[in-house]
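Here is the structure we will look at.
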Amino acid sequence: MLTKEEKDFIIYWEQNRDRQKKTFRQWLIGLPIGLLFAVPIFLNYALGWYKRAGMVAGSQSSPLILIIAILAIITFMAIFYKQYQWDQYEQRYRELKVQQDRESSET
């Protein structure tokens with residue numbers, strides 16, 4: 001027997017699954033997770049915590065490369081996290097639908 005929470009989730013996911021699958025929406029909502037990874041990397045570089053890495057980076061690369069790398073990390077983590085979360089919701093939805101169908105066929 002499905003609980004009320006599970007039934008509510010089925011209804012919610014049927015209405016919102018396509019909207020949450022869009023890449024731009026995943027990127028927009030996942031930005032805080034991407035920033036969670038990128039900001040410490042940038043702060044580590046900017047504050048000079050590891051001096052040798054700062055010297056090597058300063059002599060061999062431009063700040064533009066660092067900015068591009070930070071943006072790539074933010075984008076990858078944002079989309080990857082939200083895609084993973086979407087897959088988890090989709091799996092839960094399918095399991096609940098099978099359970100719901102099984103219960104309705106038994107009665």
Side-chain angles (χ1 to χ4, degrees):
M1 186 76 169
L2 293 176
T3 65
K4 178 167 176 23
E5 180 183 310
E6 291 170 338
K7 290 177 185 176
D8 290 343
F9 174 76
I10 289 173
I11 293 168
Y12 165 78
W13 195 243
E14 286 174 347
Q15 294 171 351
N16 293 303
R17 70 196 289 194
D18 292 331
R19 187 173 60 138
Q20 291 191 13
K21 182 71 173 169
K22 295 179 182 170
T23 305
F24 181 73
R25 181 173 174 79
Q26 290 177 344
W27 177 76
L28 196 59
I29 293 175
L31 275 177
I33 297 298
L35 288 170
L36 186 67
F37 281 89
V39 168
I41 293 170
F42 180 75
L43 287 176
N44 188 18
Y45 176 76
L47 297 176
W49 178 75
Y50 186 46
K51 300 211 182 293
R52 184 171 178 199
M55 288 187 293
V56 170
S59 68
Q60 295 180 355
S61 66
S62 69
L64 182 61
I65 301 292
L66 179 65
I67 292 170
I68 291 171
I70 294 290
L71 291 175
I73 290 170
I74 291 170
T75 300
F76 173 77
M77 288 306 301
I79 293 173
F80 181 80
Y81 170 73
K82 288 307 289 181
Q83 182 65 38
Y84 175 76
Q85 192 175 45
W86 188 91
D87 287 340
Q88 292 293 316
Y89 287 158
E90 183 69 13
Q91 180 179 355
R92 180 177 178 211
Y93 168 76
R94 289 182 182 191
E95 290 171 356
L96 291 175
K97 280 302 270 186
V98 167
Q99 185 177 355
Q100 184 181 40
D101 293 342
R102 192 178 311 137
E103 287 176 1
S104 65
S105 68
E106 289 176 357
T107 58

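Sequential numbering from 1 along the given sequence is applied to the chain's residues.
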[X] versus [Y], closest heavy-atom pair with distance:
{"X": "Pro40", "Y": "Leu35", "value": "CD-O, 4.0 Å"}
{"X": "Leu31", "Y": "Ala78", "value": "N-CB, 3.7 Å"}
{"X": "Met77", "Y": "Ile33", "value": "O-CG2, 4.4 Å"}

Separation between [atom1] of [X] and [atom2] of [Y], rounded to the nearest 0.5 Å:
{"X": "Ile41", "Y": "Ile73", "atom1": "CD1", "atom2": "CD1", "value": "4.0 Å"}
{"X": "Leu28", "Y": "Thr23", "atom1": "CG", "atom2": "OG1", "value": "12.5 Å"}
{"X": "Gln15", "Y": "Ile10", "atom1": "CD", "atom2": "CD1", "value": "12.0 Å"}
{"X": "Leu2", "Y": "Asp8", "atom1": "CG", "atom2": "CG", "value": "11.0 Å"}
{"X": "Arg25", "Y": "Arg19", "atom1": "CZ", "atom2": "CZ", "value": "4.0 Å"}
{"X": "Lys7", "Y": "Ile11", "atom1": "NZ", "atom2": "CD1", "value": "9.0 Å"}

Does Arg94 pair with Glu90 as a salt bridge, N-O distance under 4.0 Å? yes

Indicate the ring-plane relationship of Tyr89 and Trp13, choosing parallel, tilted or perpendicular according to the 30° and 60° boundaries. perpendicular

Parallel, tilted or perpendicular: which fits the ring planes of Tyr12 and Phe9, with parallel below 30° and perpendicular above 60°? tilted

Could you please spell out the steps behind the side chain to side chain donor-acceptor pair (under 3.5 Å) verdict for Glu95 and Gln99? CA-CA 6 Å; Glu95 290 171 356; Gln99 185 177 355; over 6 Å; no

State whether a side-chain donor-acceptor pair under 3.5 Å links Gln20 with Gln26. no

Heavy-atom count check: over 12 atoms from other residues, nucleotides or ligands less than 6.0 Å from [X] [atom1]?
{"X": "Arg17", "atom1": "CZ", "result": "yes"}
{"X": "Glu5", "atom1": "CD", "result": "no"}
{"X": "Tyr93", "atom1": "OH", "result": "yes"}

Phe42 and Ile67: CA distance, side-chain angles, deciding distance, side chain to side chain contact (heavy atoms under 4.5 Å, CB included) verdict: CA-CA 9 Å; Phe42 180 75; Ile67 292 170; 5.8 Å; no

Do Leu71 and Leu64 sit in the same hydrophobic cluster, where Ile, Leu, Val, Met, Phe, Trp and Tyr count as joined when their side-chain heavy atoms come under 4.5 Å apart? no

Cluster overlap Val39 with Phe80, hydrophobic side-chain contacts below 4.5 Å: yes

Any donor-acceptor pair under 3.5 Å from Thr75 side chain to Ala72 backbone: no

Tell me if a side-chain donor or acceptor on Glu6 pairs with a main-chain N or O of Thr3 at a distance below 3.5 Å. yes

Cation-pi geometry met for Lys21 and Trp86 (6.0 Å, 45°): yes

